[in-house]
**Student:** 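The structure under discussion is supplied below as structure tokens; questions concerning it will follow.
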Protein chains: 2
Amino acid sequence: MAFPPFAVTVDLVVFTIRDDQLCVLTIERGEAPFAGCQALPGGFVLPDEDLAAAAARELAEETGVGKDAEIERVHLEQLGTYGDPTRDPRMRTVSVAYLAFAAQLSEPVAGTDATAAQWMPVATALTTSLAFDHGQILVDGLERARAKLEYTTLAATFCRDEFTIADLRHVYELVWDVTIDPRNFHRKVLASEGFVEPTGEHTSQARGRPAQLFTLGEATQLHPPIRR
Amino acid sequence: MAFPPFAVTVDLVVFTIRDDQLCVLTIERGEAPFAGCQALPGGFVLPDEDLAAAAARELAEETGVGKDAEIERVHLEQLGTYGDPTRDPRMRTVSVAYLAFAAQLSEPVAGTDATAAQWMPVATALTTSLAFDHGQILVDGLERARAKLEYTTLAATFCRDEFTIADLRHVYELVWDVTIDPRNFHRKVLASEGFVEPTGEHTSQARGRPAQLFTLGEATQLHPPIRR
DNA sequence: GTGACAATCGTCAACTTGACGATAAAGCCA
DNA sequence: TGGCTTTATCGTCAAGTTGACGATTGTCAC
């Protein structure tokens, strides 16, 4: 049975928070097309590899997120598939985009096929011309991320294992690009059954009154949601 | 440049409401593998065809949803991509699933490559063993459909061009499999800015007080949403 | 100690929601 | 014609939620 052959790739929109900014992982392409251009990390799916496995592999390659416990603190979900016949001048390619949320990872970043990889502020990335249709993929990923914060507990994946309500609020503020009343936010988070679990410990360093530390609770969905 | 060749297909989860039931379009496969088995309609993406175009083409082929105004009353969105290496015993296949909502269409249904096509009640389909991973695709499609009714105006795409609030409520009840208080639902729909637009006309046939007719308003998102 | 700062607790009016009573406008039927 | 049934539509009310913002509480820098 004959069928039209396609190349299938995965591309990653990996978000993290660094230096008080929402950042996305980008690489500088080493080869044509778009050599020297910024792009989302990604690569071909191997002949016997599941799509999600390919995404996880690429993520590990580009970020150094290894086997460790690190990988468990990363959220990875399918974002969408992009298959415009003209998206890659070389051949007919279909790209399955994945969206990842990560807490600040070990600094190292070095791709295999990429010249360099870096965390680029999303605000910058949105005004940068990215390779292929990666600009659109980024926009879609950002919108998905914003929506997910409303009704899931995924904001916590941007934080370290133990975090304060303020840390969590900061995630919302950066991703949504809004300011949130600390008092109302505090109330809502605690009201959301299973969102956070107090550890009993408190922060000690920074200015102001020490804050209680929490870990992520059992819930994955927020009831009620936290609206934009 | 060498790359692993994949077959790329689109599969469709097409929902409609018939005989007071939520139904999904299925075909009986004519060829191996899974010959004689129920499956979702779908097919290969052509070499120079966009994914969404392939989905629209397959939809037209299977349902007879032609060029007419009909096609404009159908909602089609990408659902997700399924690429387990073992999903198709013949070859490495990646399937991009699309989700469609349609009002009751012209009865005719006749695929090109399929033996037969029919509207199967979703309740039945969920307990039927479908070909490939189509069972999972259906489950995912149903969940997406249910979620979409909450915060979009897509329920109206299950209705004819002009519909009553009760028609709309019926869609929610069938898709969510719940009963909804007519009075509160009525209030919420009218409160949702831009959801429906009165035509000024009324129904005349059925029992009970004639109901006002509406068309879909400008909005695509519901503010506030209608919760499950 | 004093002030700055951020966490946390309270208060309140405006709004939303679910439950359900009441009324309206048709057809049906004797 | 006058009930009776049926469904649409309007109202009411208590309970819960939300946003705005005042008040209090630990800590640190000085």
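Numbers restart at 1 for each chain; the letters A, B, ... are given by sequence-line order, proteins then strands.
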**Student:** Would you mind listing every ring-ring contact (aromatic ring centres under 6.0 Å, His included) that reaches into residues 166-189 of chain B, with sequence neighbours excluded?
**Tutor:** Tyr172(B)-Trp176(B), Tyr172(B)-Phe185(B)
**Student:** Measure CG/Asp181(B) against P/dT16(C) and give the value in whole Å, please.
**Tutor:** 18 Å
**Student:** Could you check whether Ala191(B) gets within reach of a base, just the sugar-phosphate, or nothing at all, counting any heavy atom under 4.0 Å?
**Tutor:** nothing
**Student:** Kindly say if His186(A) contacts the phosphate of dA7(C), meaning a side-chain N or O under 4.0 Å from OP1 or OP2.
**Tutor:** no
**Student:** Mind calculating the distance between NE2 (His223(B)) and P (dC15(C)) to the nearest angstrom?
**Tutor:** 18 Å
**Student:** Can a side chain N or O of Arg187(B) be found less than 4.0 Å away from OP1 or OP2 on dG18(C)?
**Tutor:** no
**Student:** I want to verify a distance call: between dT27(D), dT8(C), dG11(D), whose nearest atom is closest to the Arg183(B) side chain?
**Tutor:** dG11(D)
**Student:** Any luck finding a side-chain donor-acceptor pair between His75(A) and Glu77(A) under 3.5 Å?
**Tutor:** yes
**Student:** Judged by each residue's nearest nucleotide on DNA chain C, which is more toward the 5′ side, Gly208(A) or Ile165(A)?
**Tutor:** Gly208(A)
**Student:** Calculate the interatomic distance between Gln212(B) atom CD and dT7(D) atom P; express it in whole Å.
**Tutor:** 19 Å
**Student:** Between Glu143(B) and Arg228(B), is there a salt bridge with N-O shorter than 4.0 Å?
**Tutor:** yes
**Student:** Would you kindly give the NE2-to-P distance between His170(B) and dT7(D), to the nearest whole Å?
**Tutor:** 11 Å
**Student:** Closer to the 5' end of DNA chain D via nearest nucleotide, is it Ala166(B) or Asn184(B)?
**Tutor:** Ala166(B)
**Student:** How long is the line joining CZ of Phe185(A) and P of dT8(C), in whole Å?
**Tutor:** 12 Å
**Student:** Any base atoms under 4.0 Å from Arg227(A), or only sugar-phosphate, or nothing? Heavy atoms, all strands.
**Tutor:** nothing
**Student:** State whether a side-chain donor-acceptor pair under 3.5 Å links Tyr82(B) with Asp11(B).
**Tutor:** no
**Student:** Using the side-chain heavy atoms of Lys188(A), tell me which of these nucleotides is nearest: dT9(D), dC21(D), dT18(D).
**Tutor:** dT18(D)
**Student:** Please state whether the base of dA25(C) and the side chain of Arg209(B) form at least one donor-acceptor pair under 3.5 Å?
**Tutor:** no
**Student:** OP1, OP2 of dA8(D) versus side-chain N and O of Arg207(B): anything below 4.0 Å?
**Tutor:** no
**Student:** Output the rounded distance in Å from NE2 (His202(A)) to C1' (dT8(C)).
**Tutor:** 11 Å
**Student:** Would you kindly say whether Glu197(A) and Thr215(A) are connected by a side-chain donor-acceptor distance under 3.5 Å?
**Tutor:** no
